[in-house]
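It should be emphasised that the depicted structure is a prediction, and the values quoted were computed from it without experimental measurement. Per chain, numbering begins at 1; letters A, B, ... match sequence-line order.
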Protein chains: 2
Amino acid sequence: MAVSEAEAIVMEVLWHAAPRSAEEILAEVGPAQGWREGTVKSLLNRLLKKKAVKAEKEGRRYLYTPLLSRDKYVSQESKGLLDRLFDGRVAPLVAHFSEQRKLSKKDIAELKKLLKELDDEQP
Amino acid sequence: MAVSEAEAIVMEVLWHAAPRSAEEILAEVGPAQGWREGTVKSLLNRLLKKKAVKAEKEGRRYLYTPLLSRDKYVSQESKGLLDRLFDGRVAPLVAHFSEQRKLSKKDIAELKKLLKELDDEQP
DNA sequence: AATTTATGTTTACATGCGTAAACTATAGAA
DNA sequence: TTCTATAGTTTACGCATGTAAACATAAATT
């Protein structure tokens, strides 16, 4: 089952640093998201059920660690979008952003560099 | 309110050719999706409520036409993903696909062409 | 005119999600 | 030892979604 958007926000905290306690996670996302204790606890439980995180007892509480890697999550999400909207191909996606003028100078520079590196790999 | 995934499949039919009747839409997506009549009708009604399509009476039935453009929809979806996962920037997204070896030869060629065109626009 | 057929409209129902309150258990504090 | 603070577990509730069935209505057919 898929990790939902709210759950992904909790995952981001754990991807950034793990293991963390529920309390630490709350401290990190609660204020920004306007979430209470119960909300974070529910999300953690759903993530446990989905096997996206694991919990290890540490004293009276649990410390949570990701089982699903950010890379894997990002891959799934990106591939989903690509397949649904761009027939699974990357160039049309970039072309879309280009048409929308959403490519920054920095993006363009980085893309050039990336392509050059690909050339160097496979001459 | 957002157009859901199932709704987007109906939209794709209309983006491809509109106006279309419910019957035509069913004929086009029903078999592939395993959807019955009622399902397509429900989706069309939700799309109407969301103002993503409009309906014009034609004889005893309605013909549906998109109000939301595919371009706008694609933009929203893409921007959402980009913001959530790549800090709003395109280059890291492409880098991700590159790392996952998801860039085809064709993608690479097209990206090069695209970047060259951008150069030519703004010399 | 009565019945069947084609369409659209209303209602349904399980599941997931966002958001939590209520409940429970347990380790410290008094 | 009893009370309290803390952390996890259970239950809740409204809304969206996927997936229709049931119902209403009007046109076409018998």
Side-chain angles (χ1 to χ4, degrees), chain A residues 1-14 18-65 67-68 73 76-77 80-81 84, chain B residues 1-14 18-65 67-68 73 76-77 80-81 84:
Chain A
M1 209 178 316
V3 168
S4 79
E5 222 169 296
E7 288 158 8
I9 291 171
V10 169
M11 291 302 291
E12 289 287 357
V13 176
L14 293 175
R20 319 288 297 270
S21 66
E23 196 193 5
E24 289 171 302
I25 295 168
L26 173 62
E28 202 153 314
V29 297
Q33 304 292 328
W35 285 346
R36 314 299 208 54
E37 209 192 341
T39 304
V40 169
K41 287 178 179 177
S42 282
L43 293 173
L44 282 170
N45 275 319
R46 288 177 185 170
L47 288 168
L48 277 173
K49 200 166 295 174
K50 294 179 182 182
K51 311 260 188 203
V53 307
K54 69 176 177 181
E56 288 162 315
K57 201 142 217 164
E58 194 255 14
R60 44 157 47 279
R61 66 195 183 160
Y62 283 105
L63 296 183
Y64 299 87
T65 307
L67 287 181
L68 173 67
Y73 174 74
Q76 286 167 184
E77 294 290 303
L81 182 97
R84 283 190 300 115
Chain B
M1 210 178 314
V3 168
S4 80
E5 221 169 298
E7 288 158 7
I9 292 171
V10 169
M11 292 301 292
E12 290 286 358
V13 176
L14 293 175
R20 318 288 296 273
S21 67
E23 197 192 5
E24 290 171 301
I25 295 168
L26 173 62
E28 202 153 314
V29 298
Q33 304 292 327
W35 285 346
R36 316 302 209 56
E37 208 192 340
T39 304
V40 170
K41 287 176 177 177
S42 282
L43 293 173
L44 282 170
N45 275 319
R46 287 178 187 170
L47 287 168
L48 277 173
K49 200 166 293 171
K50 293 178 181 182
K51 310 261 189 203
V53 306
K54 69 175 176 180
E56 286 162 315
K57 201 142 216 164
E58 193 255 16
R60 45 157 49 279
R61 66 199 181 159
Y62 283 104
L63 296 183
Y64 299 87
T65 308
L67 288 180
L68 173 67
Y73 174 73
Q76 285 167 184
E77 294 291 303
L81 182 97
R84 282 189 301 114

Starting at atom [atom1] of [X], determine the distance to atom [atom2] of [N], rounded to an integer number of angstrom.
| X | N | atom1 | atom2 | result |
| --- | --- | --- | --- | --- |
| A:Leu47 | C:dC17 | CG | C1' | 12 Å |
| A:Gln33 | C:dT19 | CD | C1' | 12 Å |
| A:Ile9 | C:dC17 | CD1 | P | 14 Å |
| B:Met1 | C:dC17 | CE | C1' | 15 Å |

Just checking B:Gln33: does its CD atom have more than 12 heavy atoms from other residues, nucleotides or ligands closer to it than 6.0 angstrom?
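Enclosed.
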
Gap separating the [atom1] atom of [X] from the [atom2] atom of [Y], nearest 0.5 angstrom:
| X | Y | atom1 | atom2 | value |
| --- | --- | --- | --- | --- |
| A:Leu47 | A:Ser4 | CG | OG | 7.5 Å |
| B:Tyr73 | A:Arg84 | OH | CZ | 4.5 Å |
| B:Met11 | B:Leu44 | CE | CG | 9.5 Å |
| A:Lys50 | A:Arg46 | NZ | CZ | 7.5 Å |

Would you give a per-nucleotide map of nucleotides 6-14 of chain C, 5' to 3', where B means the base has a protein non-hydrogen atom under 4.0 Å away, S means only the sugar-phosphate does, and - means neither?
SBBBB-B--

On DNA chain C, check which nucleotide each of A:Arg36 and A:Glu7 is closest to and give me the residue with the more 5' one.
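Checking each residue's closest nucleotide, the 5'-ward one belongs to A:Glu7.
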
Close side-chain approach of A:Leu43 and A:Trp35, heavy atoms under 4.5 Å
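Heavy-atom side-chain distance check passes, below 4.5 Å.
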
Please find the earliest and latest nucleotides of DNA chain D, in the 5' to 3' direction, that have an atom within less than 4.0 Å of any heavy atom of chain A.
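Taking any atom under 4.0 Å from a heavy atom of chain A, the span is D:dT6 to D:dA12.
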
At 4.0 Å (heavy atoms only), tell me whether B:Ser4 reaches a base, stays on the sugar-phosphate, or touches nothing.
sugar-phosphate

Show, in sequence, the C-alpha distance, side-chain angles and deciding distance for B:Thr65 and B:Leu14, and conclude whether the side-chain contact (heavy atoms from CB on, under 4.5 Å) test is met.
CA-CA 6 Å; B:Thr65 308; B:Leu14 293 175; over 6 Å; no

Taking only residues two or more places apart in sequence, or in another chain, which ones meet B:Glu5 in a salt bridge (charged side-chain N to carboxylate O under 4.0 Å, His left out)?
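By the salt bridge (charged side-chain N to carboxylate O under 4.0 Å, His left out) rule, B:Glu5 matches no residue at all.
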
Can you tell me if A:Trp35 touches the phosphate of C:dT19, counting only side-chain N or O atoms and a distance under 4.0 Å to OP1 or OP2?
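The answer is yes; a side-chain N or O of A:Trp35 sits under 4.0 Å from OP1 or OP2.
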
